[in-house]
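Reading through the structure tokens given below for one structure.
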2 protein chains.
Amino acid sequence: MRIGELSARTGASRRSLRYYEQQGLLVSTRSSSGQRCYDEEHVRRVALIQVFLAAGMSSRTIAQLIPCMTRPSTDRARRALAAMDEERSRLSSAIDSLAAAREALDHLIDVNRKFLANVADDSAPDGPDRHSGLFPVGRPDAARAQQIALAAILRDPPGPGR
Amino acid sequence: MRIGELSARTGASRRSLRYYEQQGLLVSTRSSSGQRCYDEEHVRRVALIQVFLAAGMSSRTIAQLIPCMTRPSTDRARRALAAMDEERSRLSSAIDSLAAAREALDHLIDVNRKFLANVADDSAPDGPDRHSGLFPVGRPDAARAQQIALAAILRDPPGPGR
DNA sequence: CTAAACGCTGACATCGATGTCAAGGGCAAG
DNA sequence: CTTGCCCTTGACATCGATGTCAGCGTTTAG
């Protein structure tokens, strides 16, 4: 199969497929006229690459993880294993970050819902001006809920080392 | 407190703090000579921004979620709520992506471990050359495990619309 | 008063995956 | 042979958060 079909079957653009090859993630055989030829194996390979890329891995990292173009070697496997472990923990903490953000978002949603409900109850909910409150809320208990939410977020502070 | 202290307390660089302000995520009062002044509220605000940024939200999105610089308005709250719901589902699917990648990685780790174990058992494990096998493995059962793993990954195909 | 440390603005650089365009070659159907 | 579609390589553009530097003002400690 040529690049167009692989592209259609994987959803990766032709451009991306050539890029993957350039980065050493994919190897293609070439037809006599220089066109790339792929087989079923490549479809699966590309799918895996997409999974990893979607997870925010760099192509550099993926290239370490998937010794695709060379013969297996014990050395390579050992180094790959190390990279995999490292990457696994990176993924885990990324998941934690996302979960934390989602939780924070849930609190904001909650507070926002309460705010709207209060407005429905009472069209002039609070004092005139909350200059820079973290989230505009008309009720002290909502403000308190927000404080608790933030405390939960900040329990595990982001830390200076980005 | 001035920008240096806020930076030290949040771990965000001065550059980033100015950027947040420029993007409308942060409002500062200014001293008579034009220096930015912050209070405790801002520390929490920046922490929240960091949580969201770490989750891959764009500053544009965050600006929609946190109506920080204006007085609360019902309209704004409604629109923010819509954006929040959208963003929440984006976060959820991002978490799913990461989890899928981690699972795939776990399988690779497993296969790799088996490969190394085999090598230890038997220093010439398999045929001489597996030109483009998805993962270099010397045992048919490992190959089978890998197939199953990939099937699991591909159960929910990435789809053409990136 | 002076020097050091800090702050301000503005500009330019970076990284990585991808889009897009140009100029040309390959191949199949009419 | 021509037309149309697919392929090739190479180059340049993009986006967003951040780094970094320059040139200049402010604040603070000695």
Side-chain angles (χ1 to χ4, degrees), chain A residues 1-38 42 46-66 87 90 94 97 101 158-162, chain B residues 1-38 42 46-66 87 90 94 97 101 158-162:
Chain A
M1 115 185 57
R2 286 180 299 166
I3 200 173
E5 191 180 343
L6 185 61
S7 168
R9 291 187 55 184
T10 60
S13 70
R14 292 153 232 258
R15 175 71 173 86
S16 295
L17 293 174
R18 296 195 192 103
Y19 177 73
Y20 299 161
E21 178 167 335
Q22 194 189 337
Q23 299 304 304
L25 308 183
L26 211 51
V27 216
S28 62
T29 57
R30 296 300 186 109
S31 79
S32 55
S33 64
Q35 305 200 169
R36 291 172 178 83
C37 298
Y38 303 100
H42 290 91
V46 170
L48 186 60
I49 292 171
Q50 287 177 312
V51 167
F52 284 158
L53 280 180
M57 290 190 198
S58 71
S59 60
R60 177 122 183 60
T61 301
I62 300 178
Q64 292 183 305
L65 300 193
I66 307 187
E87 203 54 25
R90 213 196 52 81
S97 291
R162 264 280 292 161
Chain B
M1 122 185 49
R2 287 180 300 167
I3 199 172
E5 191 180 343
L6 184 61
S7 169
R9 291 189 54 186
T10 60
S13 69
R14 293 151 232 259
R15 175 69 173 88
S16 294
L17 293 174
R18 296 194 193 102
Y19 176 74
Y20 300 160
E21 178 166 335
Q22 193 189 337
Q23 300 303 306
L25 308 184
L26 212 52
V27 216
S28 62
T29 56
R30 298 297 187 109
S31 78
S32 54
S33 64
Q35 305 201 167
R36 291 172 177 83
C37 299
Y38 303 99
H42 290 92
V46 170
L48 186 60
I49 292 171
Q50 287 177 311
V51 168
F52 284 159
L53 280 180
M57 291 190 198
S58 71
S59 60
R60 178 122 182 61
T61 301
I62 300 178
Q64 291 183 307
L65 300 193
I66 307 185
E87 203 53 25
R90 211 195 54 79
S97 291
R162 266 283 288 162

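What you see is a predicted model; the values in this text were computed from it and never measured. Chain identifiers are assigned alphabetically (A, B, ...) following the order of the sequence lines, protein sequences preceding nucleic acid strands; residue numbering begins at 1 within each chain. Values reported hereafter were calculated over all heavy atoms of this structure, with side chains retained and with hydrogens, waters and symmetry mates removed.
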Legend entry - Atom pair distance, as rounded to whole Å: CD1 in B:I49 and P in D:dG16: 17 Å
Inset, instruction - Would you check if there is a donor-acceptor pair between the side chains of A:E21 and A:S28 at a distance under 3.5 Å? - result: yes
Legend entry - B:S31 side-chain N/O to D:dT26 phosphate OP1/OP2 under 4.0 Å: no
Inset, instruction - Verify the contact: side-chain N or O of B:S59 to OP1 or OP2 of D:dA17, cut-off strictly under 4.0 Å; return yes or no. - result: yes
Legend entry - Nearest-nucleotide 5' precedence on DNA chain C, A:Y19 against A:S32: A:Y19
Legend entry - Euclidean distance, atom CZ of residue B:R18 to atom P of C:dT9 [Å, nearest integer]: 7 Å
Legend entry - side-chain N/O A:S16 vs C:dT18 OP1/OP2, d < 4.0 Å: yes
Legend entry - 5′-ward residue of the pair B:M57/B:R2 relative to DNA chain D: B:M57
Legend entry - Length of the CD1-C1' vector between B:I3 and C:dC8, whole Å: 9 Å
Legend entry - Below 4.0 Å: OP1/OP2 of C:dA17 and any side-chain N or O of A:Y20: no
Inset, instruction - Find the distance B:E5:CD to C:dC6:P and express it as a whole number of Å. - result: 12 Å
Inset, instruction - Could you point out which residue of A:V46, A:L25, A:I49 forms a side-chain contact (heavy atoms from CB on, under 4.5 Å) with A:L17? - result: A:V46
Inset, instruction - Would you indicate, yes or no, if C:dG16 has its OP1 or OP2 atom less than 4.0 angstrom from a side-chain nitrogen or oxygen of A:S58? - result: no
Inset, instruction - Nearest-nucleotide wise, let me know which of B:Q35 and B:S13 is further upstream toward the 5' end of DNA chain D. - result: B:S13
Legend entry - From A:I66 atom CD1 to A:L26 atom CG, the distance as rounded to the nearest 0.5 Å: 9.5 Å
Inset, instruction - Calculate the interatomic distance between A:M1 atom CE and D:dC6 atom C1'; express it in whole Å. - result: 16 Å
Legend entry - Nucleotide D:dA17, atom P - distance to CG of B:L26 in whole Å: 14 Å
Legend entry - C:dC8 OP1/OP2 closer than 4.0 Å to side-chain N/O of B:R36: yes
Inset, instruction - Establish, with yes or no, whether the OP1 or OP2 oxygen of D:dT26 is under 4.0 angstrom from a side-chain nitrogen or oxygen of B:R30. - result: no
Inset, instruction - Give the rounded distance in Å between these two atoms: CG of A:L6 and P of D:dC6. - result: 15 Å
Legend entry - From B:I62 atom CD1 to B:Q50 atom CD, the distance as rounded to the nearest 0.5 Å: 10.0 Å
Legend entry - Side-chain N,O (B:R14) to OP1/OP2 (C:dC6) below 4.0 Å: no
Inset, instruction - Send over the distance from A:Q22 CD to D:dT8 P, rounded to a whole Å. - result: 13 Å
Legend entry - Lys/Arg-Asp/Glu bridge criterion (N-O < 4.0 Å) met for B:R2, B:E5: no
Legend entry - Polar side-chain contact A:R15-C:dG19 base: donor and acceptor under 3.5 Å: yes
